[in-house]
Amino acid sequence: MKHRCWFQCIDPECGETYDIFEVIYRCRKCDELLEVRHDESRLAKTGPESWKALFDDRIRSNKWPYGSGVWCRKEMVLPQLSDESTVSMYEGGSNLFWAERFGREIGLEDLWVKQCGNSHTGSFKDLGMTVLVSAVKEMRSRGQDIPAVACASTGDTSAALAAYCAAADIPSVVLLPRNKVSLAQLVQPISNGAIVLSLDTDFDGCMSTVQELTKRENIYLANSMNSLRIEGQKTVGMEIVQQFDWQVPDTIVIPGGNLGNVSALGKGFLLMEHLGMIDRRPRIVVAQAEHANPLYLAYQRGFERYEAVNAKPTLASAIQIGNPVSYKKAVRTLKEFDGIVEQASEQELADASARADRTGMFNCPHTGVALAVLLKLIDRGEIKKDERVVVISTAHGLKFADQKARYHQREIEGVTGTFANAPIELPNDVDQVRDTLRRVIDESHETAARR
Ligand SMILES: *Cc1c(COP(=O)(O)O)cnc(C)c1O
Ligand SMILES: [Zn+2]
């Protein structure tokens with residue numbers, strides 16, 4: 001008997017199952033979300049130590065595609081996929097950065113930042129997209145009629161979809177909210193040859209259009225409602241544990257928008273627990289932008305009632321989502337992982353990002369949201385000084401060079417550049433350069449001494 005997985009309705013009362021290579025996103029019986037289930041009794045025939053040894057042997061190796069942080073775990077991700085259909089760009093394996101200096105400054109000795117933005121298209125979306133596009137390639141090779149793959153995006157999903165589809169020679173379509181993604185994020189799918197539709201709406205508007213479109217046409221939906229992506233993204237927690245030599249951290253802070261990624265994080269941990277690879281769970285903290293905080297508001301109400309919000313513009317544009325598709329899955333994860341939800345204002349996220357940059361990072365604003373929430377929880381004593389904490393950094397800061405520059409120039413409306421470091425403009429004159437340097441270096445000594 002071989003390893004296998006299938007789609008299953010998340011409603012335990014229904015539990016309808018579907019083939020993993022079927023084109024389906026919601027349960028046909030009850031319209032609930034689907035999730036990928038694995039034959040865990042088959043997986044359990046291999047002992048936990050053997051799985052660890054296998055993953056340690058494969059990860060970052062040159063054994064294509066098993067060197068990938070996703071495909072080194074193929075049996076637990078998408079076992080039925082053929083090697084020929086695998087579309088991999090060596091995703092995963094990103095640095096788990098010991099934030100020694102930033103941690104010391106905020107009173108944490110054991111703070112780590114998982115650099116998911118150090119990836120082919122610059123965000124964690126690569127982890128999920130490699131699985132989804134590989135599945136599409138497999139379905140097309142089996143003769144299924146899938147002329148194109150489409151997604152709505154706040155920027156990073158479309159970049160990942162466009163790149164993986166381009167590599168696999170599969171047409172891709174991306175629906176972006178006009179003027180709401182960064183220039184870097186817009187130019188990525190354009191460069192990779194995607195059909196880019198820039199729509200006069202926000203992300204939630206693009207999302208409902210793409211759902212309608214993929215319902216009626218046989219264009220394949222690539223949003224995280226499609227739970228194939230969750231299978232790839234769930235490897236991030238597995239990889240973090242592997243990078244700690246199979247030790248589980250105490251707390252993980254993750255920014256949340258559509259809430260697929262937090263669900264994925266939890267799913268990876270539960271699978272490892274079921275297979276005896278770990279014997280405890282981390283606590284999971286979801287960080288939201290105050291301008292797009294439906295999960296935070298529901299958390300305040302003890303998850304008794306969910307209401308979508310009208311997401312307001314935020315620097316953290318990839319999480320400007322008012323009606324998250326994976327809300328139910330995220331609540332389930334938070335309940336299983338002793339979860340906390342906290343929010344950050346524009347000022348807080350911009351300052352936290354810039355302050356951490358001063359210690360050698362180069363954060364995207366969503367990582368800024370997570371760092372700002374971390375600071376709040378330390379202040380409130382909800383995260384203790386001796387905890388091992390991991391912050392999930394979701395994208396590369398270079399995608400947001402524009403807004404980071406505006407922060408340092410103090411040009412962002414409503415935000416004070418507390419940690420701004422604007423360039424000093426001078427004539428090319430040695431005396432003036434020397435005098436300025438003396439003054440600036442003295443000043444920075446004084447500030448350091450005052451601390
Ligand atoms: C997609 C994305 C998120 C949010 O992930 P969800 O699964 O939608 O919660 C956060 N940060 C960045 C940079 C992203 O691209
Ligand atoms: Zn169902």
Side-chain angles (χ1 to χ4, degrees), residues 7-18 24-35 114-119 121-129 151-161 176 181-182 184-185 188 203-204 207 222-227 229-230 232-234 236 253-267 284 286-289 292-296 311 314-330 333-334 341 344 349 353 363-371 391-400 403:
F7 287 121
Q8 188 164 326
C9 177
I10 66 164
D11 181 355
E13 307 261 288
C14 171
E16 189 73 2
T17 63
Y18 305 90
I24 187 164
Y25 322 111
R26 280 186 180 277
C27 182
R28 277 194 205 105
K29 266 173 89 180
C30 72
D31 206 41
E32 255 308 348
L33 293 172
L34 301 173
E35 66 185 344
K114 178 64 174 163
Q115 298 284 8
C116 296
N118 295 352
S119 179
T121 71
S123 86
F124 76 82
K125 299 295 199 296
D126 290 351
L127 299 176
M129 212 50 89
C151 74
S153 177
T154 53
D156 292 326
T157 300
S158 51
L161 178 67
L176 295 170
V181 307
S182 76
Q185 289 170 321
Q188 286 184 288
F203 171 79
D204 296 294
M207 188 70 220
N223 280 97
S224 59
M225 198 178 123
N226 184 327
S227 46
R229 275 183 45 204
I230 303 295
Q233 290 174 204
K234 82 180 180 194
V236 71
V253 187
I254 183 169
N258 222 3
L259 306 178
N261 209 25
V262 57
S263 321
L265 181 67
K267 196 163 190 272
I284 292 181
V286 176
Q288 289 213 296
N293 61 355
L295 183 71
Y296 172 76
T314 166
L315 294 167
S317 49
I319 55 176
Q320 188 187 328
I321 297 174
N323 189 16
V325 164
S326 295
Y327 172 78
K328 278 195 187 165
K329 286 185 182 176
T333 303
L334 285 164
V341 186
L349 76 87
S353 168
N363 293 299
C364 77
H366 322 87
T367 309
V369 171
L371 291 168
V391 170
I392 308 279
S393 174
T394 46
H396 202 293
L398 280 173
K399 289 202 189 207
F400 301 88
Q403 63 159 264

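Order of listing sets the numbers, starting from 1, for every ligand and every atom in it. The structure presented is a predicted model; accordingly, all values stated were derived computationally and were not measured.
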Determine whether C27 and C14 satisfy the following criterion, side chain to side chain contact (heavy atoms under 4.5 Å, CB included), listing intermediate values before the conclusion. CA-CA 9 Å; C27 182; C14 171; 3.7 Å; yes

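- Of all protein N/O/S atoms, those under 2.8 Å from the Zn ion (ligand 2) are C9 SG, C14 SG, C27 SG, C30 SG, and waters are not counted.
- Under the side chain to side chain donor-acceptor pair (under 3.5 Å) criterion, T314 pairs with E346, not counting sequence neighbours.
- Side-chain contact between N258 and S326 is absent, with no heavy atoms from C-beta onward closer than 4.5 Å.
- Under 3.5 Å, the side chains of N261 and Q233 contain a donor-acceptor pair of N or O atoms.
- Annotation: side chain of L259 is not in contact with side chain of K329 (no heavy-atom distance under 4.5 Å).
- For H366 and F124, the distance between ring centers is not under 6.0 angstrom.
- Within the 4.5 Å cutoff, the side chain of P365 has heavy atoms near those of the Q403 side chain.
- For F7, there are no ring-ring contact (aromatic ring centres under 6.0 Å, His included) partners at least two apart in sequence or on another chain.
- Sorted by chain and number, the residues within 4.0 Å of ligand 1 by heavy atom are F124, K125, D156, G256, G257, N258, L259, G260, N261, A318, I319, H366, T394, A395.
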Given the rule in the side chain to side chain contact (heavy atoms under 4.5 Å, CB included) test, do K267 and I230 qualify, once you have shown the distances and angles that lead to the verdict? CA-CA 8 Å; K267 196 163 190 272; I230 303 295; 4.1 Å; yes

